[in-house]
Asker: 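Please find one structure pasted underneath; my questions will follow.
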Amino acid sequence: MQQKPNQFIKLRQEKLEKIKALGIDPYPVESSRSHFISALMENKEALLASETSVTIVGRLVAMRRQGKLGFGNLEDASGKIQLYVAQNLLGEENYELFKLCDPGDFIQANGSVFYTQAGEFSLKCTAIKLLSKNIRPLPAVKEKMVDGKTVRYDEFSDIELRYRKRYLDLLLNPDHRKVFELRSRIITAIRRFMDNLGYVEVETPILQPLYGGANARPFITHHNTLDMDLYLRIATELYLKRLIVGGFERVYELGKDFRNEGMDRTHNPEFTMIEFYEAYSDLRGMMDIAESLIKHLAKDVIGKEIFHYHGHEVNLGGTWRRAAMTDLVNEYTGIKVDNSSQEDLEAFCKAKQIEIPKGSGKGKLIALLFEHFVEPKLVQPTFVCDFPKEISPLAKAKPGNPLLADRFELFIAGGEFANAFSELNDPMDQRERLEAQAALRALGDEEANVVDEDFLEALEYGMPPMGGQGIGIDRLVMLLTENDSIKEVILFPQMKNS
RNA sequence: GCAUCUUUAGCUCAGCUGGUAGAGCAACUGACUCUUAAUCAGUGGGUCCGGGGUUCGAAUCCCCGAAGAUGUACCA
């Protein structure tokens, strides 16, 4: 038989025609199910004793036909069971249909459970119905139990294909499906945790006339009817603060932010973040929430405290260190930051070949030293406090030290997991800080904040003292599911056209 | 952005210093009423990522390009 490049599809389409010739609709509307497959597997003896007749549905994932008898494995979202299909039980016509079925087809099977001679718990089929015909063969992945462990053969493992054809990855690699089930449970648990603290979940605009709340380059789009450019949000901060002005006391938003920047194993251009703001709280309150939330997710959702991540062993269970940025810089570089002049720090950076952006003050230099010499070393959870105010335009100054912000970032395994401040609510101070950012922007810093007049006006009407925090969900899921690439925890990661 | 590596059948891969492209699984045909990585017999299937070059001859060597991975830079 001559076979062309799309040989597989052609052959299956021929089968499809044969099925139609039997008067069977290969894509019927109706299906029914009396039991999930897991319900059969969990109640074997009772179903066996009662000889209950059941109807199950799912995808046929393997077939072993031998003349007038055959076996198949049927899989639904809950589990997998072997089908025993014999001509003398189905009748000739129905068995003819079975012979035209392929792995990948969706079918409905009626029958009752029993043990085969080989001792496998199976469904003895009395009828099968085709629910959806597969016309493109699935990549063949076979598995076998060896000493109680599942050994897999010819795994669908090409990383690029797994990301581009995620549906195949999910279908063929149950471990990867599990990661996304866990992601869902983690997000549900986060929402429940915040709800229990009395927070209200809100939704603010993704399309924004001005962007703010973080230092990042935005995606720009255009609204035709309004004939105006809009930005995809880089953060939810400024809108959530407006809600606190509006009388809400505890709000959170869990959703996507978009940043038009580099991509690597911890950055995807669209990513998921939770931000929350609590009136009459402050940095200390935010620290307590971060620690108790993440410990709760580890212990109660995942069920452990030790995680392997980016080559490190991280213990989320212990007491989390709290340290000032300047002390950490001193600890790892030996520099006494408080006693150093801006010139001293610039000289040190130059000696270490660290590029200094235009307009950098002493605070920025301290932050640069921190990033280069401290950040990668912070393996166990560490709250880094006392950020320079200069690089924290939306944070209140630390009481008693006008050069520092009342801010922390949480670092785990050398990466940032949370960022929180006692939020700045002095409208005059906020205006000055945003104008300082605008000056940096004029010097070429494309990631500096822009001045948002409406936000400033909202502050002028009065905003209570409060704590606010952002936690990157993707990285948290990476840590908790022990995946080193963000693409492993995002269902459809950004890829170039191939 | 830069560096290194990868790209061969539907999937997973082999293919040595250049000599007519291979395996397993999947697919197709046939046999088979207790298989389960079913088995047995047979068959078909390739833009060797794309383009150019060197050579009598290129999957293999060289150049350009694409995609992906890793590292690095940027992302305070």
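Throughout, a chain's letter reflects where its sequence line sits, starting with A, and its residues are numbered from 1. All figures in this text were calculated on a predicted structure; none of them were measured in a lab.
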Asker: Please output the side-chain donor-acceptor pairs of residues 98-111 of chain A that fall under 3.5 Å, not counting sequence neighbours, one pair per line with the distance.
Answerer:
unit_1   : atom_1 : unit_2   : atom_2 : d
A:Asp102 : OD1    : A:Lys15  : NZ     : 2.5
A:Asp102 : OD2    : A:Arg12  : NE     : 3.4
A:Asp102 : OD2    : A:Lys15  : NZ     : 3.3
A:Asp102 : OD2    : A:Lys133 : NZ     : 2.6
A:Asp105 : OD1    : A:Lys133 : NZ     : 3.1
A:Asp105 : OD1    : A:Asn134 : N      : 2.7
A:Asp105 : OD2    : A:Asp102 : N      : 2.8
A:Asp105 : OD2    : A:Lys133 : NZ     : 2.8
A:Gln108 : OE1    : A:Ser32  : N      : 3.0
A:Gln108 : NE2    : A:Ser32  : OG     : 3.4
A:Asn110 : OD1    : A:Thr55  : OG1    : 2.9

Asker: Check whether more than 12 heavy atoms from other residues, nucleotides or ligands sit under 6.0 Å from atom NZ of A:Lys362, and answer yes or no.
Answerer: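 Counting other residues, nucleotides and ligands, NZ of A:Lys362 exceeds 12 neighbours.
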Asker: Taking side-chain hydrogen bond (donor to acceptor under 3.5 Å, both in side chains) as the cut-off, I'd like each qualifying pair that reaches into residues 382-396 of chain A, sequence neighbours left out, listed once.
Answerer: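 As it turns out, the side-chain hydrogen bond (donor to acceptor under 3.5 Å, both in side chains) pairs with a partner in residues 382-396 of chain A, which skip direct neighbours, are A:Asp386-A:Lys398, A:Ser392-A:Arg407, A:Lys396-A:Asn425.
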Asker: I want to check one thing: is the phosphate of B:C28, taken as OP1 and OP2, less than 4.0 Å away from some side-chain N or O of A:Lys15?
Answerer: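 A:Lys15 to B:C28 OP1/OP2: side-chain N or O found under 4.0 Å.
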Asker: Quick one: what's the B/S/- string for nucleotides 67-76 of chain B, heavy-atom cutoff under 4.0 Å, read 5' to 3'?
Answerer: SSS-S--BBB
Asker: What contact category does A:Ser157 fall into here, base, sugar-phosphate, or nothing, at under 4.0 angstrom with non-hydrogen atoms?
Answerer: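 Since only primed, P, OP1 and OP2 atoms lie under 4.0 Å of A:Ser157, the category is sugar-phosphate.
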Asker: Kindly list each side-chain donor-acceptor pair under 3.5 angstrom involving residues 440-447 of chain A, sequence neighbours excluded, with atom names and distances?
Answerer:
unit_1   : atom_1 : unit_2   : atom_2 : d
A:Arg441 : NE     : A:Ala448 : O      : 3.4
A:Arg441 : NH2    : A:Tyr211 : OH     : 2.8
A:Arg441 : NH2    : A:Glu446 : O      : 3.3
A:Arg441 : NH2    : A:Ala448 : O      : 2.7
A:Asp445 : OD1    : A:Glu447 : N      : 2.9
A:Asp445 : OD1    : A:Ala448 : N      : 3.4

Asker: Any residue in residues 112-119 of chain A with a heavy atom nearer than 4.0 angstrom to RNA chain B? Just list them by number, or reply none.
Answerer: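 Correct list: A:Thr116, A:Gln117, A:Ala118.
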Asker: So what is the 5' to 3' dot-bracket string for RNA chain B, if pairs are Watson-Crick or G-U wobble with both distances under 3.5 Å, crossing pairs use [ ] and | means the partner sits on another strand?
Answerer: (((((((..((((.....[..)))).(((((.......))))).....(((((..]....))))))))))))....
Asker: List for me each residue that meets side chain to side chain donor-acceptor pair (under 3.5 Å) alongside A:Asp158, sequence neighbours excluded, and say none if there are none.
Answerer: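 Here no residue qualifies.
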Asker: Looking at every strand, decide which applies to A:Arg12 at a 4.0 Å heavy-atom threshold: base, sugar-phosphate, or nothing.
Answerer: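 Here A:Arg12 touches the backbone only, sparing every base.
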Asker: List in numerical order all residues of residues 320-338 of chain A for which some heavy atom is under 4.0 Å away from an atom belonging to RNA chain B.
Answerer: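 Under 4.0 Å from RNA chain B: no residue of residues 320-338 of chain A.
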Asker: Any side-chain N or O of A:Lys68 below 4.0 angstrom from OP1/OP2 of B:C32?
Answerer: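 Negative; the distance criterion is not met.
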Asker: Looking at residues 84-93 of chain A, who's got a heavy atom less than 4.0 Å off RNA chain B?
Answerer: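 Those residues are A:Tyr84, A:Asn88.
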Asker: For A:Glu270, enumerate each residue passing the side chain to side chain donor-acceptor pair (under 3.5 Å) test, keeping only those at least two apart in sequence or located in another chain.
Answerer: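 Checked A:Glu270 against side chain to side chain donor-acceptor pair (under 3.5 Å); matches are A:Lys256.
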Asker: Is there any protein nitrogen or oxygen under 3.5 Å from a nitrogen or oxygen in nucleotides 2-8 of chain B, and what are the pairs?
Answerer:
none

Asker: Sort me out a list of protein N/O and nucleotides 48-50 of chain B N/O pairs below 3.5 Å, or just none if empty.
Answerer:
none

